[in-house]
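Computed from a prediction, not measured in an experiment: that's the story for all the values here.
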Amino acid sequence: MTTHYPRIVHVDDAAPNRRRGGDIRAMLTPTVSGATSGFMGLAIIQPGDRIGEHYHPYSEEFVYVVSGDLEVDLDGVTHPLKPDQGLMIPINMRHRFRNVGDTEARMVFHCGPLAPRPELGHVDTEETLEAGPPEPAKVAS
């Protein structure tokens, strides 16, 4: 059995993942930290960029906006997200994030519980790399 000690991980030590848009850094994962209940990371989203629509069939996602002006579509309804706001996204809820400001946005996320296998934890519902702008969503009242 491998013993994992408390881990401190700098964002620069986490590999950037740009497959779904933005720059997603999975920082505290089961592999890195020995976590058993979920994983945590940072999303860095440049002005005009987005993280494509997806859902998590096994995990809730907790989000905290550190900086920037974001919009999130939750099952097709748009909501503004500002610094110092948190959001809990339920299991199976489709969601995408857009940076609608003129500065970089940073968002901390945590997903838990873990899926039975990593490849089952994230389901993309749109193409991101070749996709144009997403369809406009309804705005929440």
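Proximity of Val63 to Val108: side-chain heavy atoms (C-beta onward) are nowhere separated by under 4.5 Å. Using a 4.5 Å heavy-atom threshold, the side chains of Glu61 and Met88 count as separate. Within the 4.5 Å cutoff, the side chain of Phe97 has heavy atoms near those of the Leu81 side chain. Val72 has its side chain within reach of Leu87: a pair of non-hydrogen atoms, C-beta onward, lies under 4.5 Å apart.
Annotation for Leu120 and Ala115: closest pair C-CB, 4.0 Å, computed over non-hydrogen atoms. Residues Ser33 and Leu28 come closest through the heavy atom pair OG-C, 3.9 Å. When all heavy atoms of Pro83 and Val66 are compared, the closest pair comes out as CB-O, 3.8 Å. Shortest non-hydrogen contact noted between Ile45 and Arg50 is CG2-N, 4.1 Å. Heavy-atom minimum distance, Gly38 versus Pro30: O-CD, 4.3 Å.
To the nearest 0.5 Å, atoms CG (Asp102) and CD (Gln46) are separated by 12.0 Å. One distance of note links CZ of Arg106 with CG of Leu70; it measures 12.5 Å at 0.5 Å rounding.
Residues Leu114 and Met40 do not share a hydrophobic cluster, defined by chaining ILVMFWY side chains whose heavy atoms lie under 4.5 Å apart. Clustering ILVMFWY residues whenever any of their side-chain heavy atoms sit less than 4.5 angstrom apart, transitively, puts Ile51 in the very cluster that holds Met93. Residues Val100 and Met107 fall into different hydrophobic clusters, defined by Ile, Leu, Val, Met, Phe, Trp and Tyr side chains chained together at heavy-atom separations under 4.5 Å. Neither Val65 nor Ile44 shares a network with the other; the hydrophobic side chains, linked directly or stepwise wherever heavy atoms of I, L, V, M, F, W or Y lie under 4.5 Å apart, form separate groups for each. A continuous path of ILVMFWY side-chain contacts below 4.5 Å connects Leu42 to Tyr64, so both sit in one hydrophobic cluster.
The closest side-chain donor-acceptor pair between Glu53 and Thr125 falls under 3.5 angstrom.
Side-chain atoms of Ser59 never come within 3.5 Å of backbone atoms of Cys111 as a donor-acceptor pair (strictly under, hydrogens ignored).
A salt bridge links Asp73 with Arg98: at least one charged nitrogen is closer than 4.0 Å to a carboxylate oxygen. Taking the charged nitrogens against the carboxylate oxygens, Asp75 and Arg94 have no contact shorter than 4.0 Å, which rules out a salt bridge. The pair Arg25-Asp23 counts as a salt bridge, with a side-chain nitrogen and a carboxylate oxygen less than 4.0 angstrom apart. A salt bridge links Glu126 with Arg96: the distance from a Lys NZ or Arg NE/NH1/NH2 to an Asp or Glu carboxylate oxygen falls below 4.0 Å.
Sorted by first and then second residue, the pairs that involve residues 34-60 and meet ring pair (Phe, Tyr, Trp, His ring centres under 6.0 Å), not counting sequence neighbours, are His54-His56, His54-His95, His54-His122, His56-His95, His56-His122.
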With a 3.5 Å cut-off and sequence neighbours excluded, list the donor-acceptor pairs that the side chains of residues 9-17 form with protein atoms.
residue, atom, partner, partner atom, Å
His10, ND1, Asp12, N, 2.9
Asn17, OD1, Arg19, N, 3.0

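For the side chain to side chain contact (heavy atoms under 4.5 Å, CB included) test, residues two or more places apart in sequence or in another chain that qualify with Pro47 are Asn99.
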